[in-house]
There are 2 protein chains.
Amino acid sequence: MVSRRNQSVTVIDVAREAGVSKSSAARVLSGRGSASPATQRRVTEAAQRLGYRPNALARAMVSGSSHTIAAVIPDVANAFFSATLRGLTDAARSAGFEVIVSNTDNDADVEARSLELLAEKRADGFVVAPVFQDAPEAITRLVEDGTPVVLLDRRMPALADLPLVSVDHVGASRLATEYLIELGHRRIAIVTEAPDRLTDLRELPPDAEISSLRPSTQRLLGYVQALDDHGVELDQDLVLESDYDAGSARAAVSAALDAGLGFTALYCTDAIVTLGAYNAVADHQVAVPDDISFIGFDDQEWTTLVRPSITVIDQPRHELGSAAATRLLAQLRDIDPDERDLRLPAHLIPRESTAPPR
Amino acid sequence: MVSRRNQSVTVIDVAREAGVSKSSAARVLSGRGSASPATQRRVTEAAQRLGYRPNALARAMVSGSSHTIAAVIPDVANAFFSATLRGLTDAARSAGFEVIVSNTDNDADVEARSLELLAEKRADGFVVAPVFQDAPEAITRLVEDGTPVVLLDRRMPALADLPLVSVDHVGASRLATEYLIELGHRRIAIVTEAPDRLTDLRELPPDAEISSLRPSTQRLLGYVQALDDHGVELDQDLVLESDYDAGSARAAVSAALDAGLGFTALYCTDAIVTLGAYNAVADHQVAVPDDISFIGFDDQEWTTLVRPSITVIDQPRHELGSAAATRLLAQLRDIDPDERDLRLPAHLIPRESTAPPR
DNA sequence: ATGAAAGCGCTAACAT
DNA sequence: ATGTTAGCGCTTTCAT
């Protein structure tokens with residue numbers, strides 16, 4: 001009740017106020033150990049009166065747990081990561097953990113510094129969407145020191161033994177491609193920002209390695225697989241390569257349209273690329289879905305607003321974050337998970353931009 | 001170099017390894033106090049060898065500063081707040097601070113718990129976009145305890161003496177309204193989710209109080225002011241009231257369109273309301289900008305993608321966050337700011353959806 | 001310049 | 001059930 005300017009009220013203050021020993025006060029305040037109903041009451045009331053607020057720092061020092069997890073991601077302002085972060089914080093909170101965020105902008109040095117800094121702050125565990133780099137030493141250092149790390153949606157070969165929570169990118173692309181095939185399309189173009197050469201993709205070790213590919217590459221792979229499965233011939237010319245920016249995608253699709261490659265469907269493997277591709281299609285006044293069926297990536301707001309609305313592959317972002325947190329928390333509690341990796345399915349949301357070819 | 005499984009290497013370990021006393025090691029490790037070049041080297045090398053990582057928790061305990069600031073916001077997944085958070089983390093980082101995020105979902109209880117929890121973790125300061133409520137006791141409690149708090153974009157009357165960093169909402173609306181007036185529009189409709197009655201708005205104490213109004217109300221006020229300033233009559237019928245959701249805005253605009261109110265321009269005061277209004281306009285096949293000029297709020301991606309592209313009011317989100325952080329950090333350093341409140345200007349981005357009335 | 005010792009606020013044996 | 005004591009890892013007087 002009293003609002004005094006307390007630099008901070010400690011257990012000792014409470015103990016004194018309650019007329020008991022420090023440890024008695026500590027016992028009731030922390031809820032462990034035994035205390036008589038009498039002291040219980042006196043301490044509680046004293047704490048209340050003084051406005052006692054436990055010092056989590058001190059607690060963390062002795063308990064060895066800060067009840068904080070670190071999220072190290074490329075960019076919170078990016079819709080994918082902000083939604084994921086939300087899932088992460090939600091799951092963390094319900095377990096009594098807070099999360100501290102750090103943006104890397106896909107810079108390896110920044111990532112390394114962030115990890116180091118958060119490790120100094122004694123984060124109990126890390127969820128990291130790592131920068132693509134050969135030797136993520138900062139991460140391995142953490143792991144060696146016994147700090148739990150869960151990878152988010154990306155894994156480098158050097159991190160092969162770390163648990164990963166990701167979207168099933170291969171499946172996502174199969175979903176899109178098969179949907180188009182079932183509609184009757186045969187000449188299906190794909191816009192990809194995968195840096196890998198397509199030829200490398202068709203002779204892959206069936207499983208484990210796949211998760212060490214970039215998401216974009218996995219998506220390209222899903223397309224190739226779906227085509228193969230359904231006996232549709234893969235035409236290299238229909239693999240439109242783009243950088244990771246809308247302008248580049250726009251140019252790539254524009255060029256493809258000009259080239260008269262005769263494709264009847266276009267599948268975009270990424271949000272930003274979808275943007276550029278959509279612009280190119282609009283520029284060329286192509287009729288969608290009459291001339292070309294269009295599938296975008298990520299259920300962005302605008303895809304429901306344009307006419308025709310756009311069929312998209314939706315990633316379970318929130319769930320991705322909460323799964324990562326849950327996975328990490330389990331590790332903190334030394335619970336062995338059923339599977340090391342978690343691979344969440346994407347969904348196809350059919351809208352107006354897809355139809356059978358004319 | 002050595003990668004041993006160190007539960008954690010402490011100053012003592014380093015001191016022993018370097019063959020000096022604990023305090024000597026601590027001195028060079030913390031960079032304060034004096035040490036001979038010799039010990040300096042020996043300690044540094046020992047630390048390096050052992051892979052010493054300072055324990056920020058312990059440091060915080062004794063120094064009284066955790067170098068952490070808390071961001072308590074409605075929802076990170078919301079584009080406005082995620083962009084703001086990015087600005088916040090950027091500014092914080094460059095000052096050596098990390099930020100820990102908490103979502104309130106505009107729930108007063110959740111907010112109170114978050115604040116309490118983060119206070120227990122001894123965040124050095126708080127940036128909070130408070131839930132609208134009469135008695136934000138959790139916040140005042142912090143302030144009473146001497147913890148720096150900066151308000152983000154919202155302020156309740158009860159929090160009148162706290163520093164505020166916000167967008168100039170009144171100015172934002174004046175910008176939009178005046179732009180339309182200058183184009184020649186006289187019948188300008190506004191879509192608002194402000195709960196306040198319009199009549200209350202025209203007799204306001206000129207300044208201070210304004211910042212205690214909700215953003216939506218301030219935006220409505222700017223519209224009224226611009227109209228007044230330019231001698232354009234305010235027509236109550238053109239104030240379209242909506243709830244804070246797209247469906248409601250869609251219905252409101254739809255009804256207005258049906259009612260034949262004869263407005264030639266429509267200004268939407270909020271991102272979500274812009275969405276609904278846009279849908280209504282599309283539903284009714286109104287020609288934009290020929291029949292109606294349209295101004296949206298927030299520079300959302302889709303506003304550049306639809307045809308015609310949409311003229312919008314753009315809020316300086318990133319800057320808002322960095323300004324809030326900077327303001328808070330100044331307070332932490334006991335620097336008196338020039339002004340208590342910071343009011344960042346919004347900008348108008350002219351695109352295709354606005355034109356002179358026919 | 002260096003070491004010894006106290007203490008930040010808390011928990012956890014250990015006695016009593 | 002309660003009190004005494006040690007100690008988490010660090011910084012900071014205070015001597016030397």
Side-chain angles (χ1 to χ4, degrees), chain A residues 6-44 46-47 50-68 117 119-124 145-147, chain B residues 6-44 46-47 50-68 117 119-124 145-147:
Chain A
N6 37 10
Q7 184 42 40
S8 78
V9 179
T10 75
V11 218
I12 298 197
D13 299 323
V14 175
R16 183 166 23 229
E17 173 84 9
V20 298
S21 79
K22 176 187 164 185
S23 37
S24 287
R27 268 190 286 265
V28 358
L29 257 18
S30 69
R32 324 164 188 280
S34 41
S36 75
T39 32
Q40 198 122 9
R41 196 178 47 74
R42 307 184 60 187
V43 171
T44 312
L50 263 32
Y52 170 75
R53 179 148 52 200
N55 184 331
L57 255 31
R59 282 197 171 158
M61 279 237 50
V62 10
S63 74
S65 163
S66 61
H67 280 246
T68 301
L117 218 62
E120 291 183 0
K121 294 212 168 151
R122 295 306 188 260
D124 290 334
D145 288 357
T147 308
Chain B
N6 36 14
Q7 184 42 39
S8 77
V9 179
T10 75
V11 220
I12 297 197
D13 299 322
V14 175
R16 183 165 24 227
E17 172 85 7
V20 299
S21 77
K22 176 186 165 184
S23 33
S24 287
R27 268 190 287 265
V28 357
L29 257 19
S30 69
R32 326 164 187 279
S34 41
S36 75
T39 32
Q40 198 124 6
R41 197 177 46 74
R42 307 185 60 187
V43 171
T44 311
L50 264 33
Y52 170 74
R53 181 146 52 200
N55 184 329
L57 255 31
R59 279 193 173 161
M61 280 236 49
V62 10
S63 74
S65 163
S66 62
H67 280 249
T68 301
L117 218 62
E120 292 183 359
K121 294 213 167 150
R122 295 305 189 258
D124 291 334
D145 288 357
T147 308

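Values reported hereafter were calculated over all heavy atoms of this structure, with side chains retained and with hydrogens, waters and symmetry mates removed. Proteins get letters first, then strands, A, B, ... in listed order; numbering begins at 1 in each.
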Which residues pass the side chain to side chain contact (heavy atoms under 4.5 Å, CB included) test with [X], sequence neighbours left out?
X      : result
A:S23  : A:S21, A:R27
B:E120 : A:R53, A:P54, A:A56, B:E116, B:L117
A:V14  : A:V9, A:L29, A:V43, A:A46, A:A47, A:L50, A:Y52

Looking only at side-chain N and O atoms, does [X] come under 4.0 Å of OP1 or OP2 in [N]?
X     : N      : answer
A:S21 : D:dG3  : yes
A:S24 : D:dA1  : no
A:R32 : C:dT11 : no

### Message
So which atom in B:L57 and which in A:R122 form the shortest heavy-atom distance, rounded to 0.1 Å?
### Response
CD2-CB, 3.6 Å

Rounded off to whole Å, could you give me the [atom1]-to-[atom2] distance for the [X] and [N] pair?
X      : N      : atom1 : atom2 : result
B:E120 : C:dC10 : CD    : C1'   : 13 Å
B:R42  : C:dG3  : CZ    : C1'   : 15 Å
A:L29  : C:dG9  : CG    : C1'   : 11 Å

#### Entry: Interatomic distance, B:R32 atom CZ to B:S34 atom OG [nearest 0.5 angstrom]
13.5 Å

### Spacing of B:N55 atom CG and A:S66 atom OG [to the nearest 0.5 Å]
9.5 Å

### Task
Specify the angle, to 10°, made by the local axes at the two ends of the helix from C:dA1-D:dT16 to C:dT16-D:dA1 when five pairs are taken at each end.
40°

I'd like a table of atom pairs between the protein and nucleotides 8-10 of chain D - only N or O on both sides, under 3.5 Å - with the distance next to each one.
{"unit_1": "D:dC10", "atom_1": "OP1", "unit_2": "B:Y52", "atom_2": "OH", "d": "2.5"}
{"unit_1": "D:dC10", "atom_1": "OP1", "unit_2": "B:N55", "atom_2": "N", "d": "3.2"}
{"unit_1": "D:dC10", "atom_1": "OP2", "unit_2": "B:V11", "atom_2": "N", "d": "2.5"}
{"unit_1": "D:dC10", "atom_1": "N4", "unit_2": "B:K22", "atom_2": "NZ", "d": "2.3"}

Might you list the N or O atoms of the protein lying below 3.5 Å from N or O atoms in nucleotides 13-16 of chain C, with each pair's distance?
none

#### Entry: Short side-chain to backbone donor-acceptor contact, B:D145 and B:T147, under 3.5 Å
no

### Query
How far apart are the C-alpha atoms of A:R16 and A:I12, what are their side-chain angles, what is the distance that settles it, and do they pass the side chain to side chain contact (heavy atoms under 4.5 Å, CB included) test?
CA-CA 6 Å; A:R16 183 166 23 229; A:I12 298 197; 4.0 Å; yes

### Task
Report yes if some heavy atom in the side chain of A:T68 is under 4.5 Å from a heavy atom in the side chain of A:K121; otherwise report no.
no

### Query
NA contact type, B:S63, heavy-atom cut-off 4.0 Å: base, sugar-phosphate, or nothing?
nothing

